[in-house]
Every structure is written in C-alpha cells, then in structure tokens.
J.: 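Structure in structure tokens, see below.
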Number of protein chains: 2
Amino acid sequence: MNATNSRTRREERRAEIVRAALEVIAERGYRGASLAAVAERVGLTQQGLLHYFPTKDALLVAVLEERDQWDAVPDSRWRVDLLASLVEYNAMRPGIIQTFSALLGESVTEGHPARGYFTERYVRVRANMAGVLRTEYGDRLPNGLTPERAAPLLVAVMDGLQYQWLLDPESVDMPGAFRDFLALLGEEA
Amino acid sequence: MNATNSRTRREERRAEIVRAALEVIAERGYRGASLAAVAERVGLTQQGLLHYFPTKDALLVAVLEERDQWDAVPDSRWRVDLLASLVEYNAMRPGIIQTFSALLGESVTEGHPARGYFTERYVRVRANMAGVLRTEYGDRLPNGLTPERAAPLLVAVMDGLQYQWLLDPESVDMPGAFRDFLALLGEEA
DNA sequence: TACGAAACCTACCGCTCTACAGGTAATCGA
DNA sequence: TCGATTACCTGTAGAGCGGTAGGTTTCGTA
C-alpha cells in the first residue's frame with residue numbers, strides 16, 4: 001500500500017470515530033459523552049481513540065466541521081420551497097437533529113467549547129436565509145417585513161420545532177408546521 | 001421560635017439552594033452542575049446540601065417545580081398582546097432563560113431526568129397558546145390557520161429566538177422579532 | 001433545664017473521567 | 001530485509017463526582 005492509501009485509511013478511521021461521536025453525543029450530550037463510550041463503538045480503547053484525536057475537544061471540533069460541510073452545500077442556491085424539503089429530510093434523520101439540538105443547548109453555558117461555533121453559525125445562517133428570502137420576494141416580503149427581520153424568525157421556527165418534535169414526535173408534525181410558517185411568510189399583509 | 005417558624009426557615013433555605021442551583025445550571029448545565037458548586041454558593045458543604053435535597057435529581061425536581069409555579073400564573077388569562085410583554089420581560093432575565101434553555105437542550109438526550117417534564121410542559125403550553133389564540137381570533141386566525149396549528153409555531157418562535165439571543169444578544173432583538181411574528185399571525189391571508 | 005430533632009460537619013467509598021507514559025506488534029517505504 | 005512510522009495496547013496518575021456513615025453543635029419545646 002502506498003502513502004495515499006495510508007492517509008486515506010487514517011481519514012476513514014477518523015470519519016468512523018466522528019460518526020460514533022455523533023451518536024454518543026445524541027444520547028448523552030457532549031459533557032455526558034465519554035471518550036470510552038465513543039471508542040467502544042468503533043472497537044477501540046479510549047487510549048486508542050486519543051491516537052486519532054488528541055483531546056476530547058479536538059473530537060468535538062471534528063464533529064462540528066462535519067456539520068459545516070453538511071449544510072454548507074447550497075448557500076445561495078437555496079430557494080424557499082427547498083427549505084420545506086430540508087425540514088422534511090431532517091424529520092427522517094432524528095439522530096443528527098438530536099445531536100445538534102443537544103449541543104446547541106449546552107453551548108449557551110459558560111465556556112462551552114461549541115459556543116463560538118454556534119454563535120458564528122447563526123450569523124451565517126441568518127444571512128443565508130435573508131438572502132434566500134430576498135431572492136424570492138425582493139426587499140420586502142408580501143407582509144412588509146424586510147428579509148433581515150424575517151430571517152431570525154425563520155431560523156427560530158426551524159430550531160424551536162425541532163425541540164418539540166424530538167421530545168414528542170407523535171404530537172408534532174414538524175414538516176407540516178414548517179410549511180404553515182412558510183405560507184404565513186408568503187401572505188399579503 | 002415556634003414550629004411554624006422552623007418550617008419556614010427550612011423552606012427559605014431550600015429556596016435559597018434552588019436559586020443557587022438555577023445559577024449553576026445556567027453556567028454549566030445540569031450534568032455539569034456539581035452539588036459542591038451549588039453548596040458553595042450558599043455557604044454549605046456538599047453533604048450539608050444533601051441534608052435538604054437527598055439526591056441531585058431531587059434538587060432538579062425542585063428547580064422544575066419552581067419554574068412551574070412561575071409560568072402557571074396566568075393560563076387562560078393570557079392575551080396575545082401580553083405575550084409580547086412576557087418576551088420583553090424575559091429579555092431582562094437572561095439567567096433564567098439560560099437555565100431553561102440549557103436544560104431543554106439536555107433533555108432531548110436519552111434518559112435525562114428532565115425529559116418527561118419538558119415533554120409534558122410542551123403539551124400544556126401548546127394547549128394554552130391555542131387557547132389564547134382562540135380567545136383572540138376564534139376558530140380561525142385571519143390567515144386561515146386553526147389555533148391548534150398556529151400554537152406550535154408560536155412556541156417554536158419563542159424558544160428558537162431565545163437561543164439566538166442568548167448566544168448573541170447584540171445581534172438579535174428578541175422582543176422586536178417576536179412582535180414581528182405576532183403581527184404576522186394577525187394578518188389577513 | 002433536660003431532651004429530641006434539626007442543621008450541619010468530617011471522613012470516606014467507589015466510581016468515572018481525561019489525559020499522559022511507555023510498550024508492542026503490524027505495516028510500509030527504501 | 002531493515003528501519004521507521006503507524007496503530008494500537010496496558011498501566012496509571014490525578015481529579016471530580018454523587019452518595020453514605022456517623023459524629024457534633026445548635027435550637028425549639030416541654
């Protein structure tokens with residue numbers, strides 16, 4: 001095997017570990033997720049895992065980078081009707097949603113290693129959403145709101161619905177509720 | 001001092017501890033909040049604290065009961081315009097908001113002791129909000145939504161805005177955004 | 001003033017956690 | 001085939017955790 005292959009193998013193993021970490025964080029949160037639990041899931045000892053990620057925080061960074069890659073795909077290519085599909089898609093992947101809902105909750109505590117990440121992510125996502133709305137409606141939505149004022153609401157609805165849905169999926173039709181909200185945004189004042 | 005006074009003193013001490021617990025949970029989350037840290041804040045040892053709450057979970061129960069008392073005040077007495085005042089009031093108490101945002105985030109993880117609480121609370125709050133909307137608008141909002149379908153959105157916006165605001169209060173005008181949303185709800189389709 | 005309970009304390013147990021140190025076996029390039 | 005790197009392992013340090021056991025002091029009550 002050549003060097004490229006070695007490098008690939010290492011990357012694959014790291015990706016495997018990140019995937020396991022996503023699961024464990026979903027189940028126990030970041031603070032509650034032990035390296036040993038993640039390691040066990042990929043058939044390693046805790047010390048073996050530290051060979052790939054030297055500290056717990058380094059592993060978290062890798063987890064957050066994975067997420068970045070995930071939703072950095074479309075950016076300005078989004079259109080409002082595609083947002084509904086995104087939420088529908090999310091509703092089929094409760095694991096990921098649970099991971100990042102748990103992390104978001106933890107991140108508001110002091111000195112949490114994901115705090116900076118979520119703060120910056122929100123700035124970016126709000127700007128993205130404002131862009132999407134501007135593309136769709138121009139400088140004013142039908143109801144008179146600017147895209148910049150509607151964007152935080154859009155993001156809030158997505159996040160807020162996720163918590164209600166995670167806690168009680170039977171009672172909350174997340175995609176349906178989100179479509180209701182989009183309809184609300186598109187209506188005349 | 002008589003028996004009543006003793007009982008009162010005990011209750012006061014417990015309330016003091018619960019207040020300290022709210023602070024520590026806001027800073028570190030529930031899992032990250034150690035009994036010792038709470039105890040120190042009221043000038044006790046960890047074991048002294050256990051004299052008032054026999055387990056950590058018992059302390060959490062008391063914290064959640066405090067919250068119940070807090071927002072059980074008005075129920076059906078709420079009106080839509082008072083919701084805006086509530087959000088404005090919340091914006092002046094970041095500590096409490098942070099405590100319960102952190103707890104909500106943790107609660108979606110498996111086996112979390114607050115999970116049942118939040119699940120039931122959402123059922124109750126959605127029903128309350130639907131009631132408020134019905135009182136204001138009747139069986140259909142101006143845009144055609146039923147109160148039952150609008151209620152999850154209302155709750156989602158409140159929660160979702162809190163996360164954005166906690167992470168970046170300078171960038172997010174929580175009360176303003178919420179008023180925007182209320183206006184949206186009140187508009188004709 | 002004597003008694004019992006309440007309000008703490010010290011000491012400690014057993015467990016878990018992250019991380020470091022150092023070893024060993026497999027692998028890989030030259 | 002040899003020397004080095006990689007991929008793990010065992011062992012353990014060091015701290016923190018919730019909770020128990022059992023003592024002592026304070027205090028209300030009779």
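In what follows, chains are A, B, ... by sequence order, proteins preceding strands, each numbered from 1.
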J.: Using a cut-off of 6.0 Å, state whether more than 12 heavy atoms not belonging to B/R149 lie near its atom CZ.
T.: no
J.: Taking the side chain as C-beta and beyond, is there a heavy-atom pair between B/V155 and B/R126 under 4.5 Å?
T.: yes
J.: Does OP1 or OP2 of C/dC8 have a side-chain N or O of B/R13 closer than 4.0 Å?
T.: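 Answer is yes, contact under 4.0 Å.
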J.: Would you indicate, yes or no, if C/dA6 has its OP1 or OP2 atom less than 4.0 angstrom from a side-chain nitrogen or oxygen of B/R10?
T.: no
J.: For B/R14, check salt bridge (charged side-chain N to carboxylate O under 4.0 Å, His left out) against everything at least two apart and list the hits.
T.: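 B/R14: no salt bridge (charged side-chain N to carboxylate O under 4.0 Å, His left out) contacts found.
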J.: Students often get this wrong, so: under 4.0 angstrom with heavy atoms, is A/L50 touching a base, only sugar-phosphate, or nothing?
T.: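 Base, at least one base heavy atom under 4.0 Å.
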J.: Does D/dC8 have its OP1 or OP2 closer than 4.0 Å to a side-chain nitrogen or oxygen of A/Y52?
T.: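 Result: yes.
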J.: Tell me: CZ of B/R31 to P of C/dT16, nearest whole Å?
T.: 15 Å
J.: Rounded to the nearest Å, what distance is computed from the CD atom of residue A/E16 to the C1' atom of nucleotide D/dA7?
T.: 14 Å
J.: Expressed in angstrom and rounded to an integer, what is the separation of A/L59 atom CG from C/dA19 atom C1'?
T.: 14 Å
J.: Whole-Å distance between D/dA21 P and B/Q46 CD?
T.: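 Value for this atom pair: 15 Å.
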J.: Ring centres of A/H112 and A/Y30 under 6.0 Å apart?
T.: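 Between A/H112 and A/Y30, the centre distance is under 6.0 Å.
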J.: Of A/S34 and A/Q47, whose nearest nucleotide on DNA chain C comes first from the 5' end?
T.: A/S34
J.: Please check the phosphate of C/dC8 (OP1 and OP2 only) for any side-chain N or O of B/H51 closer than 4.0 Å.
T.: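 Result: no.
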J.: Roughly, in whole Å, what's the span from CG in B/L35 to P in D/dG18?
T.: 4 Å
J.: Please work out which of the three classes, parallel, tilted or perpendicular, describes the rings of A/Y163 and B/Y163, given edges at 30° and 60°.
T.: parallel
J.: Whole angstroms only, please: what is the CG-P distance between B/L49 and D/dG18?
T.: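 Going from B/L49 (CG) to D/dG18 (P), I get 10 Å.
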J.: For B/L44 and C/dT10, give me the distance from atom CG to atom P, rounded to whole Å.
T.: 11 Å
J.: Determine the contact category for A/A33: base if any of its heavy atoms lies under 4.0 Å from a base atom, sugar-phosphate if only primed atoms, P, OP1 or OP2 are that close, otherwise nothing.
T.: sugar-phosphate
J.: Could you state the atom-to-atom distance from CZ of B/F53 to P of C/dC8 in whole Å?
T.: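 To the nearest whole Å, that distance equals 13 Å.
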